[in-house]
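Below, read A as the first sequence line, B as the second, and so on, with proteins coming before strands; counting in each chain starts at 1. For clarity, every value in this text was computed on a predicted model and none was experimentally measured.
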2 protein chains.
Amino acid sequence: MTDERLPLYQRLRDDMLAKIASGEWSPGIAIPTEAELTKQYGVAVGTLRRAVDTLVQDGLMERSQGRGTFIRRPNFDGSLFRFFRQVDPQGGRRVPTGEVLSRSLESADETVAGALALPLGADVICLERVRQIDGRNVYYEDIWLPYRPFAALLDIAPEDFGNLLYPFYESECGQLIGAARETLTVEMADDRIANILGIESGKPVVVIERLATGYDGGPLEYRQSRGDAQTFRYQVNIS
Amino acid sequence: MTDERLPLYQRLRDDMLAKIASGEWSPGIAIPTEAELTKQYGVAVGTLRRAVDTLVQDGLMERSQGRGTFIRRPNFDGSLFRFFRQVDPQGGRRVPTGEVLSRSLESADETVAGALALPLGADVICLERVRQIDGRNVYYEDIWLPYRPFAALLDIAPEDFGNLLYPFYESECGQLIGAARETLTVEMADDRIANILGIESGKPVVVIERLATGYDGGPLEYRQSRGDAQTFRYQVNIS
DNA sequence: TAGTGGTCTAGACCACAAT
DNA sequence: TTGTGGTCTAGACCACTAA
């Protein structure tokens with residue numbers, strides 16, 4: 001199937017992941033039954049179930065006893081929603097809308113090249129984006145993507161980018177985000193950022209650097225988000 | 001064992017959880033082998049493994065092929081030490097010292113009572129604490145603990161509190177911290193905090209609220225830490 | 001009633017760690 | 001070499017859903 005050295009259930013997982021990414025298995029519809037799949041793959045039920053387990057765990061599939069196993073519909077607040085951890089005082093989560101302002105091809109500077117593990121000066125796709133709640137800008141984002149798997153994005157007009165980018169990466173470029181690391185710092189707003197966020201210049205701004213990686217651990221997206229520190233709230237579970 | 005209606009693997013999980021919470025299985029040491037446990041519980045390996053899987057998933061155990069399965073000692077300081085940029089020219093990791101300034105018995109206000117799930121006005125033990133690097137205060141902490149399991153702390157002089165509190169809770173009060181949730185916000189320093197942290201009044205300060213819970217999920221400690229936002233750095237892995 | 005996923009068993013063999 | 005966890009099999013029976 002794929003890499004011979006990997007455990008069977010991981011190869012099954014990869015194969016099913018590819019079926020999802022390629023559209024062979026569409027969101028919202030049921031995948032073949034366990035009996036069917038075990039026959040197709042020639043594996044035992046337990047092995048198949050283990051593979052499916054990991055995909056369910058990652059929010060890509062959903063089981064329903066007696067009905068079947070379904071591909072989860074992306075663009076919903078589903079698997080990718082967990083990446084946005086800002087919480088309002090009531091504890092409820094609000095998903096801001098996202099709007100891409102510009103899209104360009106640039107050369108990676110030291111920071112971006114380092115984050116994406118690319119040579120200095122490599123082609124990167126750069127997006128400028130604002131995220132809004134109630135029509136107010138809450139975040140300004142710079143997003144960098146390696147040219148190679150994301151070239152398709154250059155053919156898409158900024159206004160045609162979806163509200164959420166990760167389902168978009170998946171549907172347009174076949175790239176699935178599996179994990180991310182975020183680093184939070186605080187800086188003072190310069191005039192441009194202050195203007196975008198509607199705050200005074202010199203006021204504190206929270207910077208969220210995010211390096212998002214695929215299921216293989218390779219870096220896929222580097223992002224810097226800036227928001228008003230005064231209304232910022234970030235929640236993390238530690239164990 | 002516990003609730004008859006639950007699946008076997010969930011009852012196993014609950015039983016093992018209780019063993020951890022009660023201290024019968026201590027952090028850092030190996031639990032009995034799979035063969036031993038299946039004999040004790042009278043279940044198949046697969047069922048036991050599934051129960052252990054959930055505990056590993058939750059970060060309470062750690063498997064090591066060929067060696068055994070171990071109770072994980074959560075180390076919050078791993079993330080704590082990354083809270084602040086290292087000003088150390090050598091880039092070496094500095095461990096902040098912790099010093100308890102005061103210890104008192106107070107009545108829980110709305111915030112504290114809500115966090116610790118206590119009635120309003122319930123007795124709580126309150127600690128004031130500073131953490132230092134190179135003799136400089138890097139953050140100031142208010143810590144609240146429910147009276148009931150922590151009464152023993154009232155008999156200990158502030159200067160006799162250890163550098164780290166969680167091992168102290170364990171040794172003096174038999175309370176193990178299993179997990180925590182942190183919420184980050186930014187506020188402006190008032191005169192008192194500014195003075196303690198050695199920054200100007202009105203400058204931004206990062207507030208880290210932490211609710212630490214036992215292995216059973218019950219709240220054990222509520223803490224507010226405040227540090228200079230300008231040197232703040234907080235890193236999180238999301239998956 | 002037929003078909004689905006959910007739980008559970010009782011083994012087999014492998015990879016790794018300690019000795 | 002021995003014992004550990006890691007993977008995988010080939011079934012069994014149960015709970016739920018839909019026709």
Item checked: Lys/Arg-Asp/Glu bridge criterion (N-O < 4.0 Å) met for D15(A), R11(A) -> no
Next item on the list: Starting from C1' on dA18(D), measure out to CZ on F70(A) and report it in whole angstrom.
Entry: 11 Å
Notebook entry, point to check: Can you give one letter per nucleotide of nucleotides 2-11 of chain D, going 5' to 3': B for a protein heavy atom under 4.0 Å from the base, S for sugar-phosphate only, - for none?
Noted result: -BBBBBSB--
Check: Taking the inter-plane angle between the rings of F168(A) and F161(A) on a 0 to 90° scale, is it parallel (under 30°), tilted (30 to 60°) or perpendicular (over 60°)?
Finding: tilted
Next item on the list: State which residues pass ring-ring contact (aromatic ring centres under 6.0 Å, His included) with Y222(B); sequence neighbours excluded, sorted by chain then number.
Entry: W144(B)
Checklist line | Protein-nucleotide distance (M61(A), atom CE; dG5(C), atom P), rounded to Å | finding: 11 Å
Next item on the list: Using a strict cut-off of less than 4.0 Å between a Lys/Arg side-chain nitrogen and an Asp/Glu carboxylate oxygen, indicate whether R129(B) and E99(B) qualify as a salt bridge.
Entry: no
Check: Can you check the L37(A) CG to dT4(C) C1' distance for me, whole Å?
Finding: 13 Å
Next item on the list: Identify, with sequence neighbours excluded, every residue that meets side chain to side chain donor-acceptor pair (under 3.5 Å) alongside T183(A).
Entry: Q235(B)
